[in-house]
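Here, residue 1 is the first one in the sequence, and each next residue gets the next number. Bear in mind the structure is a predicted one, so any value in this text is a computation, not a measurement.
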Amino acid sequence: MNSEPNLKRCRIVLVAPNAASVNELVAKLGAALSGGDVASVLLPPYEMDETTFQNLAEAAVPLIQESGAAAIIVGNTQIAGRVKADGLHFEGPVAELADTITRLSPKMIVGTGNIKNRHTALEIGEAAPDYVLFGKIGADNKPEAHPRNIDLADWWASMVEIPCIIQAGNTLESIPDAVVTRAEFIALGAAIFDGEDPAAAIKEANRLLDEHAPAFEDGN
């Protein structure tokens, strides 16, 4: 179960790993979620076919929700509805994002990501998603957060009310530099699951956030 969340600083958005089986995914997610506070979990399909992805989501979503985190399906509206997920992560043209938000919000969280520049970010902001992710899911393959993601998150958090998530690198040591941006959330995937103890990694990530993440003035 998640520990008491600290709503006054950046929180973790966990990116589920690309597991070989449903059992492997459930074991890894369960271990990570037992380690401390996680705000939400993104469930990407990676290279799975739709049936495999739905089977995985059917097992993972209740586990995530029982831990106190929000379960967010990446890229598949139908599966998100079938498994009663809390939200959908949609990446595509702004017009399609706006239509998806109109159809699903406020019943579901709808967010987006893989934003490359400020102009696109502002266009997306006009559609009023529930969050924006600066980073590409599965691209946390270097030790540090990508400089572009840091720049965009720092700019966005200073001027836009829509919450943002900054993608960290594949090490926990990337957390301090990422959270200086004052992003509301930090996406952690490889930094949690590449090691042997996801629970310990989540515990350490929360310790680093307690130590380095700036406090939010309004507590949100």
Side-chain angles (χ1 to χ4, degrees), residues 1-5 11-91 104 107-114 131 133 135-143 165 167-172 174-175 185-209:
M1 296 293 290
N2 281 331
S3 60
E4 190 68 24
R11 297 177 68 201
I12 296 168
V13 170
L14 189 62
V15 181
N18 189 4
S21 68
V22 170
N23 288 341
E24 180 185 336
L25 178 78
V26 167
K28 288 184 175 182
L29 277 183
L33 292 167
S34 73
D37 177 49
V38 172
S40 59
V41 179
L42 293 171
L43 284 171
Y46 295 108
E47 302 301 320
M48 303 173 206
D49 60 53
E50 185 164 329
T51 299
T52 302
F53 186 39
Q54 180 162 328
N55 290 339
L56 181 146
E58 286 175 349
V61 165
L63 173 69
I64 294 164
Q65 292 170 337
E66 286 166 11
S67 80
I72 300 177
I73 298 294
V74 176
N76 194 307
T77 307
Q78 289 75 25
I79 289 178
R82 290 173 198 151
V83 301
K84 296 180 171 58
D86 300 287
L88 174 77
H89 182 90
F90 175 87
E91 295 181 1
L104 299 182
K107 184 168 61 175
M108 275 190 179
I109 298 164
V110 181
T112 189
N114 195 20
Y131 68 82
L133 166 65
K136 181 180 179 181
I137 293 173
D140 51 341
N141 50 21
K142 293 185 178 180
I165 307 168
Q167 185 178 53
N170 62 12
T171 66
L172 297 178
S174 65
I175 289 174
F185 302 95
I186 185 166
L188 298 172
I192 301 300
F193 294 109
D194 280 2
E196 296 182 357
D197 192 342
I202 287 289
K203 182 177 180 180
E204 175 63 8
N206 274 298
R207 187 195 69 78
L208 289 168
L209 289 172

When rounded to the nearest 0.5 angstrom, what distance separates [atom1] in [X] from [atom2] in [Y]?
X	Y	atom1	atom2	result
Lys203	Ile192	NZ	CD1	13.5 Å
Ile72	Met108	CD1	CE	10.5 Å
Leu33	Gln65	CG	CD	11.5 Å
Ser40	Ile64	OG	CD1	9.0 Å

Measure the shortest side-chain to side-chain distance between [X] and [Y] over non-hydrogen atoms and say whether it is less than 4.5 angstrom.
X	Y	answer
Val13	Tyr131	no
Ile109	Leu88	no
Leu42	Leu14	no
Val38	Ile202	yes
Ile186	Ile175	yes
Leu43	Leu29	yes
Leu133	Asn114	no

Check whether [X] reaches the backbone of [Y] with its side chain - one donor and one acceptor, N or O, closer than 3.5 Å.
X	Y	answer
Asn206	Asp37	yes
Gln167	Lys136	yes
Thr112	Phe90	yes
Thr171	Pro143	yes

Worked check of side-chain hydrogen bond (donor to acceptor under 3.5 Å, both in side chains) between Asp49 and Thr52:
CA-CA 5 Å; Asp49 60 53; Thr52 302; 2.9 Å; yes
Gln54 and Glu50: side-chain donor and acceptor closer than 3.5 Å?
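Short answer, no.
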